[in-house]
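Below: the structure, in structure tokens.
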Amino acid sequence: QISSNKLCARSLLNGCETVTFNKVTSKEETIKNLGKKSIFKPINSSSSFGIKIIENSDVIKNPYYQQEIIDDIILNTCKKIKELKPYFSKSIVGIIEEYIDPKSIKVSVDGFISNKKINHYSISENVYFNNNSEEFDYLITPCQNLSISEKNKCWLLYDKVIEQLI
């Protein structure tokens with residue numbers, strides 16, 4: 001739950017601020033868009049689980065209204081770390097962020113750290129279901145639709161984010 005906390009990553013890591021976002025709490029009965037098409041993502045979910053699209057003028061019911069979704073063990077651990085404390089609260093249930101058109105290329109960039117050195121592994125293209133363009137289906141590895149320049153930009157951003165974690 002620590003590594004999948006979207007609010008924490010978007011707020012703390014330089015390079016993750018590429019889209020407009022706000023936190024959503026369990027005290028909010030409804031969730032409004034950001035003045036444009038938006039997407040709600042639960043704070044502790046991965047992949048496409050629990051996402052909700054909010055059209056330009058829509059408001060949706062908060063699926064986590066008056067609920068607590070962060071595990072007590074995680075919550076207590078993160079409260080001890082001053083940088084994480086603001087992002088781990090029983091009332092924080094998700095983020096609302098700017099919607100990115102699925103027609104744009106979406107990729108997953110993977111690598112690992114060994115002996116404090118960043119190693120690149122692969123850039124994969126995210127493929128979504130034909131009948132639901134927001135729901136992830138599978139990866140194509142290596143990505144076939146990026147130029148060398150675009151791949152280099154992906155690796156530069158990856159390095160920028162990951163360097164902060166070493």
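The nearest pair of heavy atoms linking Leu12 to Gln164 is O-OE1, 3.8 Å. Residue Ser38 comes nearest to Lys36 through the heavy atom pair OG-O, 2.8 Å, listed as atom of the first residue, atom of the second, then distance. The minimum heavy-atom distance linking Cys154 with Val109 is given by the pair CB-CG2, 4.1 Å.
Judged as a side-chain contact (heavy atoms from CB on, under 4.5 Å), and not counting sequence neighbours, the contacts of Leu139 are Ser108, Ser124, Asn126, Phe136, Thr141. For Asn145, the side-chain hydrogen bond (donor to acceptor under 3.5 Å, both in side chains) partners two or more places apart in sequence, or in a different chain, are Glu125. For Gln67, there are no side-chain hydrogen bond (donor to acceptor under 3.5 Å, both in side chains) partners, not counting sequence neighbours. For Lys151, the side-chain contact (heavy atoms from CB on, under 4.5 Å) test picks out Ile123, Leu146, with sequence neighbours left out. Qualifying side-chain contact (heavy atoms from CB on, under 4.5 Å) partners for Asn62, counting only residues two or more places apart in sequence or in other chains: Val24, Glu28, Ile31, Tyr64, Tyr65, Val93. Annotation: salt bridge (charged side-chain N to carboxylate O under 4.0 Å, His left out) contacts of Glu163 (sequence neighbours excluded): none. Looking at residues two or more places apart in sequence or on another chain, you find a side-chain contact (heavy atoms from CB on, under 4.5 Å) between Lys90 and Glu68, Asp72, Leu75.
Connection of Leu157 to Ile166 is established within a shared hydrophobic cluster, with ILVMFWY side chains joined at heavy-atom distances below 4.5 Å, either directly or through further cluster members. Note on Leu156 and Ile148: separate hydrophobic clusters, where clusters join Ile, Leu, Val, Met, Phe, Trp and Tyr whose side-chain heavy atoms are under 4.5 Å apart, directly or indirectly.
Taking CD1 of Ile60 as the start and CD1 of Ile53 as the end, the distance is 9.0 Å to the nearest 0.5 Å. For the atom pair SG of Cys8 and CG of Leu13, the computed distance is 7.0 Å after rounding to the nearest 0.5 Å. To the nearest 0.5 angstrom, Ile43 atom CD1 is 11.5 Å from Ser26 atom OG.
Grouping Ile, Leu, Val, Met, Phe, Trp and Tyr by side-chain contacts under 4.5 Å, direct or through others, puts Val127 with Tyr138, Ile140. Ile100 forms part of a hydrophobic cluster together with Val19, judged by ILVMFWY side-chain heavy-atom separations under 4.5 Å.
Listed by first then second residue, pairs satisfying salt bridge (Lys or Arg N to Asp or Glu O under 4.0 Å) with a partner in residues 52-62 read Lys37-Glu55, not counting sequence neighbours.
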Return a table of donor-acceptor pairs under 3.5 angstrom between the side chains of residues 78-89 and protein atoms on other chains or two or more places apart.
{"unit_1": "Ser89", "atom_1": "OG", "unit_2": "Ser91", "atom_2": "N", "d": "3.1"}
{"unit_1": "Ser89", "atom_1": "OG", "unit_2": "Ser91", "atom_2": "OG", "d": "3.1"}

N/O donor to acceptor pairs below 3.5 angstrom from side-chain atoms of residues 110-121, sequence neighbours left out:
{"unit_1": "Asn119", "atom_1": "ND2", "unit_2": "Lys117", "atom_2": "O", "d": "3.0"}
{"unit_1": "His120", "atom_1": "NE2", "unit_2": "Asp159", "atom_2": "OD1", "d": "2.7"}
{"unit_1": "His120", "atom_1": "NE2", "unit_2": "Asp159", "atom_2": "OD2", "d": "3.3"}

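Dense packing is recorded around CG of Asn76, with more than 12 heavy atoms of other residues, nucleotides or ligands lying under 6.0 Å away.
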Where do Lys6 and Glu97 land on the salt bridge (charged side-chain N to carboxylate O under 4.0 Å, His left out) test, with the steps shown first?
CA-CA 10 Å; Lys6 295 161 188 68; Glu97 67 181 24; over 6 Å; no
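Residues Leu7 and Phe21 are in side-chain contact: their nearest non-hydrogen atoms beyond the backbone lie under 4.5 Å apart.
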